[in-house]
Amino acid sequence: MALLVVGLLIWVLIKMGGLPLLPPGDGRSLSTFDVGEAGPAQDERPKQREQRQQERPQQARPRPAPPVTEPLPPPPPIDLPGVIKLSRADFAGSDIAQVAPTAPSGSATAGAGTGAGSSDKGIAGAAPGGETLYAAEWVREPTRAELVTYLPPRQESGWGTIICRTAERNRVEDCRETGETPGSNIARGLRRASWQFLVRPPRVNGKPLIGAWVSIKFDLTVGVAK
């Protein structure tokens, strides 16, 4: 009974704060610590590595040498069949605009005529439609450079004849092939080159006949037939 009373008194004193309770142990406070590595030290290692890499001298990478290209060989000359190569002098001589017209003469008249500037004689009915055919009277005979492009390149001799109508400014038009050395194609070459010809129209009683037919003959050896 006495022990019960003593226990009650102790309990009351503890509740009232009269008897403080001591913590277990020897009374010293406990301290804790982390055995892992510190965070800042781990963060410093990558930075130090970057600084070391930047401090190292960067070796210059060798640049690849540019590929050596060999020069292309010159293209082979083009040799077209039937095409005649002209020099610069021949090409310049074919420009009829730079050639001054020569004065007419009796020897430059192809066919019939009576004196310089007179061609009132012709062959009646020899032209198409039964018209009169006159001999061509040249203002200027065509040059070799003007004809070489149109005449057959491998033909060394032969002749060809065409007839044309006279036009304004001593030109000719509506040319037609009338004869040639068989198989030479000279007449066709004359017809194609006729746009360069300068021929005076025939005159009857001093009056020029524009639109009259004239005959033109060319020989590869002699040139324009007189």
In one Ile/Leu/Val/Met/Phe/Trp/Tyr side-chain cluster, 4.5 Å: L190, V199
yes
Check whether F218 and V172 end up in the same hydrophobic cluster, where Ile, Leu, Val, Met, Phe, Trp and Tyr are linked by side-chain heavy atoms less than 4.5 Å apart.
yes
Counterpart residues, side chain to side chain contact (heavy atoms under 4.5 Å, CB included), relative to [X] (two or more places apart):
X	value
I123	A126
A212	Y134, T166, P202, L209
S157	T221
E173	R165, A167

If a pair satisfies salt bridge (Lys or Arg N to Asp or Glu O under 4.0 Å) and one of its residues is in residues 179-193, list it, with sequence neighbours excluded.
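Listed by first then second residue: E177-R191.
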Check the pair W159 / K217 against side-chain contact (heavy atoms from CB on, under 4.5 Å), numbers first and verdict last.
CA-CA 7 Å; W159 57 270; K217 183 177 181 181; 4.0 Å; yes
Please round to the nearest 0.5 Å and tell me the distance separating atom [atom1] of [X] and atom [atom2] of [Y].
X	Y	atom1	atom2	value
S194	D174	OG	CG	9.5 Å
L220	E156	CG	CD	9.5 Å
R154	N185	CZ	CG	12.5 Å
E141	I216	CD	CD1	11.0 Å

If only atom types and distance count, is the side chain of T178 paired as donor or acceptor with the main-chain N or O of T161 below 3.5 Å?
yes
Minimal non-hydrogen separation, [X] against [Y], with atom names:
X	Y	answer
P201	P208	CG-CB, 3.9 Å
L147	A193	CD2-CB, 3.8 Å
P128	I163	CD-CD1, 3.6 Å
R200	W138	NH1-O, 3.4 Å

Would you please test W195 and E146 for side-chain contact (heavy atoms from CB on, under 4.5 Å) and show each step?
CA-CA 10 Å; W195 63 274; E146 293 173 349; over 6 Å; no
Might you work through the side-chain contact (heavy atoms from CB on, under 4.5 Å) test for L151 and I186, ending with a clear yes or no?
CA-CA 6 Å; L151 295 178; I186 298 176; 4.2 Å; yes
Where at least one partner belongs to residues 128-166, residue pairs that pass disulfide (SG to SG under 2.5 Å), sequence neighbours excluded
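Listed by first then second residue: C164-C175.
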